[in-house]
Amino acid sequence: MTLWGGCFSGKLNPAAWALNTSLPFDKRLAKQDVDGSIAWASALAQAGVLTDEESSRIISGLRAVRAEFESGVFAFAESDEDIHTAIERRLGELVGAAAGKLHTGCSRNDQVATDFRLWILETLPLLDDAIKRLQSTLVTVSEQNLTTLMPGYTHLQRAQPVTLAHWLLSHFWALQRDRERLADLRERVAILPLGCGALAGTAFPVDREALAKSLGFDTPAPNSLDAVSDRDFAAEFLFCAAMTGVHLSKLSEAMVLFTTTEFGFIELTDAYSTGSSLMPQKKNPDMFELARGKSATLIGLLTGLMSTLKGLPSAYDKDLQEDKQPVFQATDTLLAILPVLAGALTTMTINKERMSAAIDSSMLATDLADYLVVKGIPFREAHAAAGKAVRAAAEKGLSVDQLSLNEWQAIGPFDADVYQVFDAMKSVEKKSAIGGTSPESVKKQIQQAKSTLTPASP
Ligand code: ARG
């Protein structure tokens, strides 16, 4: 039996039924639907629409339904069109006629939007926590690698030496912004649609302020038409997820490179790598490739929902039933990736020798220019002289630190102390202003990073 059969004489075609039903995916909203319904029953009682006796019958029936879901014994019926229908049907079986009064002044349109917002509100702290755990891993590995040198790259070309700690923390801050975005999103999710009816509002004197507070929302939605059709919060959620995916992909791409034989910077433990069915020597960084690949899916989920929303006329349209799966999928994807990446990073072996051996003396050419700047040469001239030195060395088949003092002096005002420039650790130590790669500033960065991890989740 459907909820809307009154003016219908025929039955829905089975294929049309299969297309119409959202139960296969919206059953994930069971808990939120029960919570919302309990709050609505109380609000109706307070408004004098239900007697206290009716509302307590309904509420205890809904609690019994919740217990059935929690213990996994809830039985769906073939006629259940979606989770709202299923719960209302079961409530009727448990409490009889009183169940038919629960949906006074309430439509599935305000109900589904409420359930969905509640689901996201409950999911935000889970995502925050999963991101935070990966951030903690990055901090821990950074603390162990304050003085581990590696080439820093731009255009994927060797650029300047940095420490591994600094590189790892660059990913920490991207994830930090992801957590901030999710926290900021909360206030736009915590706006209550319930009590807006199908589109025009409810005709019963429900105290929506109190209703909002009782469900943990900040405020009731101020416009019923907007409330039943607004899915901005879901799109924003998907953007947050996609952005996090992009950050994880960036980290993963580097990890894929660093684990190649050519780089040889990182070796993954067996627990986080896979082999080839054909080539016995292969050890593949699948977890990072999957994180990179799934970030594309996350972007697709966002653009899918945006396309659904674009061009919808006012209030509820059935297209909006397409909103839930992308949000569920994005959540599942991130909650699957984040702990695996944290595990892979915790257990990886870092080949410090390979990393520092990859720093060649030409990567200190900027330091060479800085050396001349300290002697009063304008930076542009100093840059040109350092460039000349690199070229002169290359022409002679030498590395730049192998030029003789005479050769240096033919290029510019270099003295014997020029050779001290070619110490990558010294170069790193000089980058001591806030945000630089020197171990001293990275220590401060770690303090700052840790302080963002201590406060409670939103
Ligand atoms: N299953 C529907 C959805 O997810 C619930 C709302 C149905 N509303 C309606 N007017 N048919 O959007």
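Residues: numbered from 1 along the sequence shown. Every number for a ligand or one of its atoms is a count from 1 in the order of the listing. If you're wondering where the values come from, they're calculated on a predicted model, not measured in any experiment.
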ask   = In terms of atom number and element, which parts of ligand 1 are under 4.0 angstrom from non-hydrogen atoms of Asp82?
value =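 Counting from 1, the qualifying ligand atoms are 1 (N), 2 (C), 5 (C).
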Closest approach of any protein heavy atom to [atom], naming residue and atom:
atom                    : value
atom 6 (C) of ligand 1  : Tyr316 OH, 3.5 Å
atom 11 (N) of ligand 1 : Arg108 NH2, 3.7 Å
atom 10 (N) of ligand 1 : Asn109 OD1, 3.0 Å
atom 4 (O) of ligand 1  : Lys324 NZ, 2.7 Å
atom 1 (N) of ligand 1  : Gln321 OE1, 2.8 Å

message = Whether Arg108 and Asp82 form a salt bridge (side-chain N of Lys/Arg under 4.0 Å from carboxylate O of Asp/Glu) is what I want to check.
response = yes
query = Is the distance between the ring centroids of Phe233 and Phe116 less than 6.0 Å?
reply =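 Between Phe233 and Phe116, the centre distance is under 6.0 Å.
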inquiry  = Determine whether the aromatic ring centres of residues Trp119 and Phe237 are separated by less than 6.0 angstrom.
reply    =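 Centroid separation for Phe237 and Trp119: 6.0 Å or greater.
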ask   = Where do Lys443 and Glu143 land on the salt bridge (Lys or Arg N to Asp or Glu O under 4.0 Å) test, with the steps shown first?
value = CA-CA 8 Å; Lys443 266 188 212 158; Glu143 281 180 309; over 6 Å; no
request  = May I ask you to check whether His84 has an N/O atom sitting below 3.5 Å from an N/O atom of ligand 1?
outcome  = no
Thr308 versus Asp319, side-chain donor and acceptor atoms under 3.5 Å =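 There is no such pair between these side chains.
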ask   = Are Gln135 and Arg179 close enough that a side-chain donor and a side-chain acceptor fall under 3.5 Å?
value =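 Side chains of Gln135 and Arg179: pair found under 3.5 Å.
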request  = Could you tell me whether ligand 1 has any atom less than 4.0 Å away from a heavy atom of Glu81?
outcome  =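 Glu81 does not count as a contact of ligand 1 under the 4.0 Å cut-off.
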